[in-house]
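What you see below is based on every heavy atom in this structure, not just the backbone, and it leaves out hydrogens, waters and symmetry mates. Heads up: numbering here begins at 1 and tracks the sequence.
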Amino acid sequence: MKFKSLLLTGLVTLIGCSTNSPKIEVAAEEVNHEKMIEDYLRAYAIKPTLVYKNDGSKAFTLLNHKIIWKELNSGVEISIDGHSFSTSDKVTFNSVEKSGKDSLNFANSLMQVKVYEKESLIGFVLDFEPCTGTGCSISYQIIYDLKTRKQSYFGKFRTGFEFELYDFNKDGKLDYLATETDGPSADGVLAKEYILYSQAKGGEFEEFSTERQKRFWFRYTSNESGPMPQDEKFEESWVEKIDKSGK
């Protein structure tokens, strides 16, 4: 009886220890969404033949393409191999902010040119100098088709100054990723939406759509006031699943 009593006491003690043991919870893996987006875009970016960062020059030659530009009373005029166009009456294809599209007559400086010789395209980045306040976060991108001389106009606000082309669909069409910014709000919440545009037969870029889906996009929301996990989120309605590894 003494042995059975000891055995029963031992079992009770063992069960008690098991019940009172702290539960080990595995923390959810944190995802760096900004890096995820950067890695994803880098994987699909088309490498330009030449990148030229303008030092203030008004005329230069890039791969046999003679480029001349000048500032106008509003906007700029750009000449490529003798063909000229002005930005003074142009409006961005995309909504730069939630408030709507933007006019390119604000631009007065040419800061970067990328030549895609194989694709017969040239990309221009314009900005405004000298800038103050939020004006320092605005840039404009122009896609110029060397074959048709068509131009496509885009704007960015708080989403960088680089010009990039992509091949997301692997359908033989060049892609451009337009951005639309919402915020930051009074609480510091900033949302950046990325919208897919593709080159049409005429050379211009238009918003990509299919019979099943009118708009393809992904959106990253964060808080510029500091690390606020409740504000950070990533949403997508894209051509494929963008997972946390960026592939």
*Do we see a donor-acceptor contact under 3.5 Å between the side chains of Tyr153 and Gln151?*
yes
_Distance in Å, Asn64 CG paired with Asp81 CG, rounded so as to fall on 0.5 Å steps_ = 8.5 Å
*Going from CD on Glu206 to NZ on Lys201, what distance comes out if it is rounded to the nearest 0.5 angstrom?*
10.5 Å
_Min side-chain heavy-atom separation Leu126-Thr87 under 4.5 Å_ = yes
*Pick out which of Phe205, Trp217, Phe154 makes a ring pair (Phe, Tyr, Trp, His ring centres under 6.0 Å) with Tyr197.*
Phe154
_Steps toward side-chain contact (heavy atoms from CB on, under 4.5 Å) verdict (Leu174, Asp167)_ = CA-CA 6 Å; Leu174 297 172; Asp167 182 12; 6.0 Å; no
*So, Phe60 versus Tyr52, ring centres under 6.0 angstrom or not?*
yes
*Walk me through it: do Glu117 and His65 pass the test side-chain contact (heavy atoms from CB on, under 4.5 Å)?*
CA-CA 10 Å; Glu117 193 70 6; His65 299 294; 3.1 Å; yes
*Go through Trp238 and Phe168 one step at a time and tell me if the ring-ring contact (aromatic ring centres under 6.0 Å, His included) criterion holds.*
CA-CA 10 Å; Trp238 193 238; Phe168 292 114; 5.2 Å; yes
*Would you say the side-chain atoms of Asp175 and Ser198 include a donor-acceptor pair closer than 3.5 Å?*
yes
_Donor + acceptor pair across side chains of Ser237, Gln213 (<3.5 Å)_ = yes
*Leu190 and Phe157: same hydrophobic cluster, using ILVMFWY side-chain contacts below 4.5 Å?*
no
*Sub-3.5 Å donor-acceptor pair from the side chain of Ser109 to the main-chain atoms of Met111, do we have one?*
no
_Hydrophobic cluster membership, with links at side-chain heavy-atom distances under 4.5 Å among I/L/V/M/F/W/Y: are Leu41 and Tyr44 in one?_
yes
*Is there a donor in the side chain of Glu164 and an acceptor in the side chain of Gln141, or the other way round, less than 3.5 Å apart?*
no
_Surrounding NZ of Lys90 (heavy atoms of other residues, nucleotides or ligands, distance under 6.0 Å), is the total greater than 12?_
yes
*OH of Tyr176 to CD1 of Ile195: how many Å apart, nearest 0.5 Å?*
10.5 Å
*Would you call Glu236-Lys241 a salt bridge at under 4.0 Å N-O?*
yes
*Nearest 0.5 Å please: distance from the CG atom of Leu121 over to the OH atom of Tyr116.*
8.5 Å
*asked:* Does Asp89 have more than 12 heavy atoms from other residues, nucleotides or ligands lying within 6.0 Å of its CG?
replied: yes
*Looking only at heavy atoms, which two atoms of Ser74 and Ser88 are closest? And how far apart?*
O-CB, 2.9 Å
*With side chains defined as the heavy atoms from C-beta onward, is the minimum distance between Glu162 and Gln112 less than 4.5 Å?*
yes
_With a 4.5 Å cut-off on side-chain heavy atoms, are Phe85 and Arg149 touching?_
no
_Minimum heavy-atom separation for Tyr140 and Ala107, please, with both atom names._
CD1-CB, 3.8 Å
*Please report the closest heavy-atom contact between Lys101 and Thr92, naming both atoms and the distance.*
CD-O, 3.1 Å
*Looking only at non-hydrogen atoms, find the nearest pair between Pro48 and Lys114 and report the distance.*
CG-CD, 4.1 Å
*asked:* For residues Val76 and Val91: do they belong to one hydrophobic cluster (side chain heavy atoms under 4.5 Å, members Ile, Leu, Val, Met, Phe, Trp, Tyr)?
replied: no
*asked:* Quick one, Ile122 and Ile142 - any side-chain contact, counting heavy atoms below 4.5 Å?
replied: no
*Taking the six-membered ring for Trp, are His83 and Tyr144 parallel (under 30°), tilted (30 to 60°) or perpendicular (over 60°)?*
tilted
*Answer yes when Lys150 and Glu204 have at least one side-chain N-carboxylate O distance shorter than 4.0 Å, and no when they do not.*
no
*ILVMFWY network linking Val51 to Leu110, side-chain heavy atoms under 4.5 angstrom*: no
*If you look at every heavy atom in Gly203 and Thr148, which pair is closest and at what distance?*
CA-OG1, 3.8 Å
*Can you measure from OH (Tyr166) to CG (Asn169) and round to the nearest 0.5 angstrom?*
14.0 Å
_Test log, rule side-chain contact (heavy atoms from CB on, under 4.5 Å), inputs Ile68 and Lys70_ = CA-CA 7 Å; Ile68 303 172; Lys70 63 181 179 180; over 6 Å; no
*Minimum heavy-atom separation for Leu72 to Ser86, with atom names?*
CD1-OG, 3.4 Å
*Glu232 side chain near His33 side chain, heavy-atom distance below 4.5 Å*: yes
*Side-chain contact, heavy-atom cut-off 4.5 Å: Phe124 with Phe163?*
no
_Leu146 side chain reached by Ile80 side chain, heavy atoms, under 4.5 Å_ = yes
*Are Lys58 and Glu71 within salt-bridge range, i.e. N to O under 4.0 Å?*
no
*Side chains of Glu207 and Asn94: do they bring a donor and an acceptor to under 3.5 Å?*
no
_Counting neighbours of NZ on Lys35 that are heavy atoms of other residues, nucleotides or ligands and sit closer than 6.0 Å, is the number greater than 12?_
no
*Rounded distance [0.5 Å steps], CZ in Phe218 versus OH in Tyr40*: 7.0 Å
*asked:* Can you confirm whether Val113 sits close enough to Asn54 that some side-chain heavy atom of one is under 4.5 Å from a side-chain heavy atom of the other?
replied: no
_Shared hydrophobic cluster for Leu62 and Val125 (ILVMFWY, side-chain gaps under 4.5 Å)_ = yes
*With side chain to side chain donor-acceptor pair (under 3.5 Å) as the test, would you mind laying out the steps for Asp127 and Ser139 before giving the verdict?*
CA-CA 5 Å; Asp127 66 346; Ser139 66; over 6 Å; no
